[in-house]
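Within every chain, numbering begins at 1; the chains are lettered A, B, ... in the order of the sequence lines, protein sequences first and strands thereafter. If you're wondering where the values come from, they're calculated on a predicted model, not measured in any experiment.
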Number of protein chains: 2
Amino acid sequence: MVMENPHQTNVVKGALHERGLRMTPQRISILSLFHNSSSGDHLSADDVHQRLTQNETPMSLSTVYRTLHLMSQMGVLRELELAEDHKHYELNPRSDESHHHLVCIRCTKTIEFKSETMQKVGEKVAKGSGFALLDCQLVIHALCPVCQRSM
Amino acid sequence: MVMENPHQTNVVKGALHERGLRMTPQRISILSLFHNSSSGDHLSADDVHQRLTQNETPMSLSTVYRTLHLMSQMGVLRELELAEDHKHYELNPRSDESHHHLVCIRCTKTIEFKSETMQKVGEKVAKGSGFALLDCQLVIHALCPVCQRSM
DNA sequence: TACCAATTGCAAATAATTCTCAGGTATCCG
DNA sequence: CGGATACCTGAGAATTATTTGCAATTGGTA
Ligand SMILES: [Mn+2]
Ligand SMILES: [Mn+2]
Ligand SMILES: [Zn+2]
Ligand SMILES: [Zn+2]
């Protein structure tokens, strides 16, 4: 069940080395998990932890948190703050496949959508201020049709 | 020091009544605080609590949390998830003055910028799925020039 | 003015995330 | 090949933002 993505793994390994960090079995397992998830899977730290356990690659929840944080800092993962009380993660999409989220603040139903302009705006704004872009996300908070009725 | 904004206050009062809720002194104080803040002031629950105390309108921190949450649900305030471990709030800007945030994930330096297209995209996407728009925010995570050097 | 649901303050509870630290392990060097 | 060093992990405790339960209070209305 654990299928690796050698290319991406090596790219990350290189980035880790540049910082004096290492590619460990735990980090490989977490990256594989995300590579094998379908788009639209937004995983919490706990989700990741549970799936790893099912996948025969259990590890400490602390390590999961540490890895998710590190990978987000490196721009490999993307941290989503949707309408829940905890963070969710997904692979940080390549600029040509970037997508964004429309989320109901009441039932947390989430819809992904694409928009090329967004990424361009992000790149332009970041460059304009001399910032190095890591992730650019539009979040639309709204009420879904169902929740609009039940108010 | 506490100057009210009668118009906006009445609008909110009406919206509260529609839900069977009340306009209390505490809610008025919190709204006034935001109306008297300058753009770019992103206040945490604790910031709000401290400023209210200075303003001679102290109240319980629970009430602050409850009010910030309620006002966000109503679309009066806007909840910001920037690069810190707690939420920040600001007045939810009218559609014609909407703005967005570029934030350094390392030092949390935050820059506001405008972009008309963004709001339009948000409105279009929400409508396209039958959602009722509350808030639409682009967050760009990046590294500021200073932090890029110190790595 | 009396009533009643909404609201508040306080303290306790919750839950996500981080920290501490001791025991591994990869990597580098002589 | 060892040994030194720095990185990494697991386990659990600690931290901290936020929520909740409850009794007392209050706003808005009849
Ligand atoms: Mn997504
Ligand atoms: Mn702002
Ligand atoms: Zn909904
Ligand atoms: Zn910075």
Side-chain angles (χ1 to χ4, degrees), chain A residues 9-10 12-31 33 42-50 52-53 56-74 76-77 79-89 105-106 108 151, chain B residues 9-10 12-31 33 42-50 52-53 56-74 76-77 79-89 105-106 108 151:
Chain A
T9 296
N10 278 335
V12 175
K13 182 168 185 175
L16 284 168
H17 279 193
E18 282 178 13
R19 308 182 178 211
L21 305 181
R22 297 165 190 168
M23 182 56 100
T24 65
Q26 287 87 344
R27 288 172 184 170
I28 291 174
S29 296
I30 290 182
L31 287 178
L33 179 61
H42 300 143
L43 306 180
S44 67
D46 215 66
D47 291 335
V48 170
H49 186 246
Q50 287 184 223
L52 289 169
T53 301
E56 315 282 333
T57 52
M59 73 188 67
S60 140
L61 185 55
S62 301
T63 298
V64 172
Y65 272 108
R66 280 187 286 236
T67 305
L68 293 177
H69 184 251
L70 175 63
M71 293 297 151
S72 300
Q73 297 275 312
M74 292 173 59
V76 176
L77 293 180
E79 206 169 65
L80 305 174
E81 306 270 12
L82 302 177
E84 292 177 67
D85 52 1
H86 54 260
K87 295 167 184 156
H88 285 215
Y89 296 82
I105 62 166
R106 198 127 183 289
T108 76
M151 294 222 65
Chain B
T9 296
N10 279 333
V12 175
K13 183 167 186 175
L16 285 168
H17 279 196
E18 282 178 13
R19 307 183 178 211
L21 306 181
R22 299 167 185 166
M23 182 54 100
T24 65
Q26 288 87 343
R27 288 172 184 169
I28 292 174
S29 296
I30 290 181
L31 287 178
L33 179 61
H42 300 142
L43 305 180
S44 67
D46 215 66
D47 292 334
V48 170
H49 186 247
Q50 287 184 222
L52 289 169
T53 301
E56 316 280 335
T57 54
M59 72 187 68
S60 138
L61 184 56
S62 300
T63 298
V64 172
Y65 272 109
R66 281 187 285 234
T67 304
L68 294 176
H69 182 251
L70 177 62
M71 294 296 151
S72 299
Q73 297 276 311
M74 293 173 58
V76 175
L77 294 180
E79 208 170 65
L80 305 174
E81 306 270 12
L82 303 176
E84 292 176 69
D85 52 2
H86 53 262
K87 294 167 183 157
H88 285 216
Y89 296 82
I105 62 167
R106 201 130 182 287
T108 77
M151 296 223 64

**Student:** Give a yes or no on whether a donor-acceptor pair under 3.5 Å exists between the nucleobase atoms of D:dC8, that is its base, and the side chain of A:T63.
**Tutor:** no
**Student:** In whole Å, what is the span from the NE2 atom of B:H69 to the C1' atom of C:dT8?
**Tutor:**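 So the NE2-C1' distance, B:H69 to C:dT8, works out to 18 Å.
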**Student:** Nearest-Å distance, CD (A:E81) to C1' (C:dA16)?
**Tutor:**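 Whole-Å distance recorded here is 11 Å.
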**Student:** When you compare the protein's N or O atoms with those of nucleotides 22-27 of chain C, which come within less than 3.5 Å of each other, and at what distance?
**Tutor:**
| unit_1 | atom_1 | unit_2 | atom_2 | d |
| --- | --- | --- | --- | --- |
| C:dA26 | N3 | A:R22 | NH2 | 3.3 |

**Student:** Between C1' on D:dA24 and CD on B:Q26, what's the gap in Å once rounded to a whole number?
**Tutor:** 14 Å
**Student:** Using heavy atoms to find the nearest nucleotide of DNA chain D for B:T24 and A:G20 separately, return the residue whose nucleotide is more 5′.
**Tutor:** A:G20
**Student:** Nearest-nucleotide wise, let me know which of A:S62 and B:S62 is further upstream toward the 5' end of DNA chain C.
**Tutor:**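 It is B:S62, whose closest nucleotide lies nearer the 5' terminus.
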**Student:** Rounded to the Å, how far apart are B:R19 CZ and D:dG28 C1'?
**Tutor:** 19 Å
**Student:** So B:D46, base contact, sugar-phosphate only, or nothing? Heavy-atom distance under 4.0 Å.
**Tutor:**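 Counting heavy atoms under 4.0 Å across all strands, no contact is made by B:D46.
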**Student:** Could you check how far CE of B:M59 sits from P of C:dC10, rounded to whole Å?
**Tutor:** 12 Å
**Student:** Could you pull out the closest heavy-atom pair between B:Q73 and B:R19, with the gap in Å?
**Tutor:** O-NH2, 4.2 Å
**Student:** Testing B:D46, B:L52, B:T53 one by one against B:Q50 for a side-chain contact (heavy atoms from CB on, under 4.5 Å), which residue passes?
**Tutor:**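 Result: among B:D46, B:L52, B:T53, B:D46 is the only option passing the side-chain contact (heavy atoms from CB on, under 4.5 Å) with B:Q50.
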**Student:** Rounded to whole Å, please give me the gap between NZ in B:K87 and P in D:dT16.
**Tutor:**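 B:K87 atom NZ is separated from D:dT16 atom P by 18 Å.
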**Student:** Tell me: CG of A:L61 to P of D:dT9, nearest whole Å?
**Tutor:**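 After rounding, the reported distance stands at 13 Å.
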